[in-house]
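Report on the following structure.
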Amino acid sequence: MAAPLPAEAGAVALTAQNVTIRFGGVVAVAGMALDATPGEIVGLIGPNGAGKTTFVNCICGTYRPNAGTALWLGRELLGLSPHALLKLGVARTFQNVASLHDLTVLDIAKLGAAVRAGSGGFFASEKALEAELTETLLRPLHLADVAHTPIQTLPYGRRKAADLARALAAQPQLLLLDEPVAGLTSQEGMAMAAVIRGVRDRFGCAVIMVEHKMDVVMSTCDRIAVMAAGSKIFEGLPEEVQSDAEVQRVYLGEPG
Amino acid sequence: MSTRRLLLALAVAAVLIALSLLLGRFGAYLVRAVAIAGIGALSLNLLIGYCGQISFAQGALLGVGAYVAGNLGNAGADGVLALLGAGAATAAIGALIGLPALRLRGLYFAIATLAAQAILEYLFKMLEPFTGGVSGLVIRQPAFFGLPVASDQVSAAVSVLVLLITWLALTRLTRTNLGRAFLVVRESEVVAKGMGLDVARTKAWAFAISGFVAGVAGGLIGFAARLASPEAFTLDLSADYIAMIIVGGLGSWAGPLVGAAFVVLLPEAIQRVGEAFDIANLLSALRELAFGLLIILFLIFEPRGLSSLLPRLRWTQRRQTPGAATGFGERAGAAVATKGGERP
């Protein structure tokens, strides 16, 4: 078990190389490479079907890639189960939030915290954990007032925030966000972007964020990788991405 | 658990036990039957209602409990020890039955449990030294904590006590990480896995804990009947228990108890009506029919079960008050109300 290493600022924590996955004859991700350092928000953009979510699914254990490596603080991540990854400090959120009928917002946050030792036992009092989760996560995510409300009854934006709270409750060092603002109003989206930056500032974790909303991506990410047809076609600062001719052509649309 | 809830549970226990001791023989017999069925239904509700694993092997698991507790009791073990032993053995067998669930889902797994039920029924007949074969195992009622269980009233009180302990333990369990994981596994294994839950381990626990409780209930059935025989623990019994949790309301904790009372008392009521109007033979034939019809009607009109009627009848006012359900002290009631009822 890797102890949560206090990664040095600027040190590369995640190094993914040559990640490749095929579904039958379709090569969904072909030789994808991506780095992330602690405290950095990396945006992953690209047209539909570029393989962004599939790449994230490879990193976080949903899919088993055919080739490639993804080293996290020197440990190979590919092939590990999401359960094992969570113990290593790798958490993710989902594009579509699952319907979990009877669970409340606080329940789902506690489930996220379940990887931490000493929580949620049969005789354990959860008052302290509840107070901590409410203060550190639910309040910043504007969920404190609905802590005891079943997820199912909440509007979409708040369900996504609850999913983020669940991922953060595990105190991850690498956070993978799959379209965190998709389906939100632009106001909610900007609020979510602010929360993501706040999370990075407070926890110092590395964040990889798949997203389509360009205003959010440009204002949130420190670095952006552009995927098309399963591989990376460009990587650079947000302003560089906007001015790159190839990215313009495949993704942002032909000028004029 | 709050102290207030614990005190309330103790008070309810004391009242119910006192009442059981004051009942006539027939009343005690009914209370015991409902209490034991309630324990078995709580066990199955954990597995089906909370973890989403459909099992048709509950009847056979109750049988395992009855045979193990019976043998331990006959060998001179204290009743408490015999019940714990029955629970442990049945937990192991329950976990074994759950193994295919690591690969199979939904109906496919349910079919696998049908096979388990058939195999266990066969073993009940074949393992003669342990089960007494086709003629069954005669069971002596053991003493509990050294105190003899001299009458049906006392054994009813014991059953009620075990029911309350089980109820407290299982409702507490659903407020642990494991209990919450059950709910996520029930909704979607893919989501559970993606969230980083250990799905295999979660299911294994569901089968083991449900099995343990089934074993205890089976042990009580054996002590009450003074006999464990293969024909008492057939697929019919499994079906009865599935009926209980459906009629009562899947995934609530009041449901299994309401359902158990309904399923146990309905035949008695039909019998009484039959005797009163001298049409007992006709009605006993209709019993199965009425039973099946009721379950279908419940699935159509009240899929959340009888227990969902209770909060609607009594807590309607409270639920409509904004914020009433968010206070922490109200959680017990609110949880039932939310589960039981309409959602927006």
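Atom set for the values below is all heavy atoms of this structure, side chains included, hydrogens, waters and symmetry mates excluded.
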Quiz item: Can you check whether B:Gly196's main-chain N or O pairs, donor with acceptor, with A:His83's side chain at less than 3.5 Å?
Solution: yes
Can you establish whether the number of heavy atoms outside [X] located under 6.0 Å from its atom [atom1] is more than 12?
X	atom1	answer
B:Tyr108	OH	no
A:Gln187	CD	no
A:Arg64	CZ	no

Atom [atom1] in [X], atom [atom2] in [Y]: separation rounded to 0.5 Å?
X	Y	atom1	atom2	value
B:Glu187	A:Leu103	CD	CG	7.5 Å
A:Thr93	B:Met195	OG1	CE	12.0 Å
A:Leu86	B:Leu197	CG	CG	8.5 Å

Exercise. Indicate the atoms forming the closest heavy-atom contact of B:Gly194 with A:Pro82, along with that distance.
Key: O-CB, 4.1 Å
Quiz item: So which heavy atom on A:Leu111 is nearest to which on B:Ala181, and how close?
Solution: CD2-N, 3.9 Å
